[in-house]
Amino acid sequence: MPTPVLEFDEVRKRFAPDRLVLDGLRLEVLPGETVALVGPSGCGKTTALKLANRLLEPDGGVVRVFGRPAAEQEPVALRRRIGFVIQEGGLFPHWTVRENVEAVPRLLGWTPERRRERSDAMLATVGLPAGAFAPRRPASLSGGERQRVGVARALAAAPSLVLMDEPFGALDPIARREMQKEFLAWRTRWDAAVLLVTHDLGEAFRLADRVAVMASGRIRQVGPPDTLRREPADAFVREFVSEFLA
Amino acid sequence: MSGLSRFLWERRDEILALTGEHLVLVAVSAAIATAIGVPLGVALTRRPGLARPVLGFANTVQAIPSLALFGFLIPVPVLGGIGARTAIVALVVYSLLPILRNTHAGILSVEPAVVEAADGIGMTRGERLRLVELPLAFPIVLAGIRVAVVVGVGLATIAAAIGAGGLGVLIYRGVATADHRLILAGALPAAALALALDFLLGLVARRWGPRR
C-alpha cells in the first residue's frame, strides 16, 4: 500500500476542558484519491481539516502529512505545499483574479514569467479565460466564478494534497451542481489527493472515492459510497445515509 | 477691495510665513503620530487583552484640555519647554488616538475568511500584514490620519500660547488687541489649511486605496 499523503492517527483535539472535538480520529488519504469527510455540524470535520496544515494543533495522536509528522514540519512551508480552498474561496478582495491565482507561486518566489504562464493555464482549466477574467476583482465575479478562482489558486503551485472546506457551500443549488460536475472533470487532470469537508452527503457521494462519516469526533465508517449505502456499519450511518437516499 | 481683503493682503508675507510654520507643526506631529499609532494599533490587534486598557488610556489623555496640556508640558525636561518642540509633543498626543483607534479597527475589519485564507495558503505573519491586512485596512487608517490632521490644524493655533509660532500668533494678537481682522487673519488661513489637507488626503485615499 502506498504511503498516505495525509494520515490522522488517534488524533484528539479539545477546545475546552469539557469540549472534546476529536476523540481518537483515524483516517488516511492516499495519493490521488478524494476522501470526503461528512457529518452533522459540530462533528469536528473542519477541525480535522485544519489540523492537516497546522492551522490547529492536536492535543493527542499524530497527524502525518507527506509521510512525516506535521508537527515536525515548519507550518508556513507545509501550508505552501498544500492547496487550501474555503467557502467563497476566501479570495483577497483587493487583488485581481490573476494576483489571487498567483498568490502561492509568488510566496514561493517564482519568476513573473513562470507565474503568468501558470496562472493562464490554471484559469483556462477552471473555465475562466485569462483574457476576460485575469484583470477583474473578486467583487465583480459571480459566486461560482469566485469559487473557480479559489480552486485555481489552491492548485497553482501543483500541490499533491488539497484541503477543501465546504468549497461549494455558498453556491445556489444549480451553480453547486455545475461546480460538482466540473470538479469531476478537473480530477481527471489533477493527481492531487483531496480531503473534502462537506455537510452535504450527496456532494460527498458524487465527488469522493471514499466517504468518511463522522459523528462526535470519531469516524463511524469510511468506505466507497456504494459500501456505505449497502453495508452501513451502524444505525447512525444507516440513518445518515438513508436521509440522502430518501 | 474690501477692508478685510486689503488688511490681509498687506500682511501676506507674515501670514504666509506663519502658515508655513503651522503646516510644519501639523505635518511633523501627524507623521510622528502615524509612526507610533499604526504599529501600536497593529500590535493591539495581536494582544487583544491590551487593546481595551491602551485605547482607554489614549481616550483619557485626549480628554485633557489642550491648553492645559501645553501648560503641563512646559516644565517637563527634554519633551517640554517653550517652543515648537513642546507643541509637537502635545499635538502628537492628540493625533495619536484617532490613528491608533482606526488602525486597530481597520485591521480587525478584515474579513476572518480572508485572514484564514492568508494563513492557509502559507503567508507568514509579516506577509499577511503587509500584503493583506494593511492594504485592506488602509482606507480606515487613512481616515484616522485625516481626522488627526484636521483636528491638529485647529489645535496647533493654541501652540502660539507657548511660543511655538504658527497662525495662532495672529489670533492671540487679535484677541489681545480686540482686533477681529487680526483674528480672521489667523483663523481664515487655518481653516483653509485644514480643508486643503483634508482634500489632499482624500485624493491619496482614492489614488492609493485598495480597489475592490
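Sequence lines set the chain letters: A, B, ... in the order given, protein chains first and strands last, and positions in each chain run from 1. Quantities reported herein were computed from a predicted structural model and do not represent experimental measurements.
- By the neighbour-count criterion of 12 heavy atoms within 6.0 Å, atom CZ of Phe15(A) is densely surrounded, having more than that number from other residues, nucleotides or ligands.
- Val114(B) and Leu91(A) get closest at one heavy-atom pair: CG2-O, 3.6 Å.
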Below 3.5 Å only, please: all the donor-acceptor pairs between chain B and chain A, one per line.
from      : atom 1 : to       : atom 2 : distance (Å)
Glu116(B) : OE2    : Lys50(A) : NZ     : 2.7
Gly122(B) : O      : Arg80(A) : NE     : 2.6
Gly122(B) : O      : Arg80(A) : NH2    : 3.0
Glu127(B) : OE1    : Arg80(A) : NH2    : 2.7
Glu127(B) : OE2    : Arg80(A) : NH2    : 3.4
Leu131(B) : O      : His94(A) : NE2    : 2.8

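- Comparing Val85(A), Ile82(A), Leu163(A), Ile86(A) by heavy-atom pairs within less than 4.5 Å of chain B, the highest count is held by Ile86(A).
- Across Ile121(B) and Ala103(A), no two heavy atoms sit closer than the pair CD1-CB, 3.7 Å.
- Heavy-atom neighbours of chain A within the stretch residues 143-159 of chain B, taken at a separation under 4.5 angstrom, are nonexistent.
- Atom CD1 of Ile174(A) has 12 or fewer heavy atoms from other residues, nucleotides or ligands within 6.0 Å.
- In plain terms, the two heavy atoms of Ala117(B) and Gly90(A) that are nearest each other are CB-O, 3.1 Å.
- Heavy-atom neighbours of Arg47(B) CZ from other residues, nucleotides or ligands within 6.0 Å: at or below the threshold of 12.
- When side chains are defined from C-beta on, Phe92(A) does not count as touching Val110(B), because their heavy atoms never get closer than 4.5 Å.
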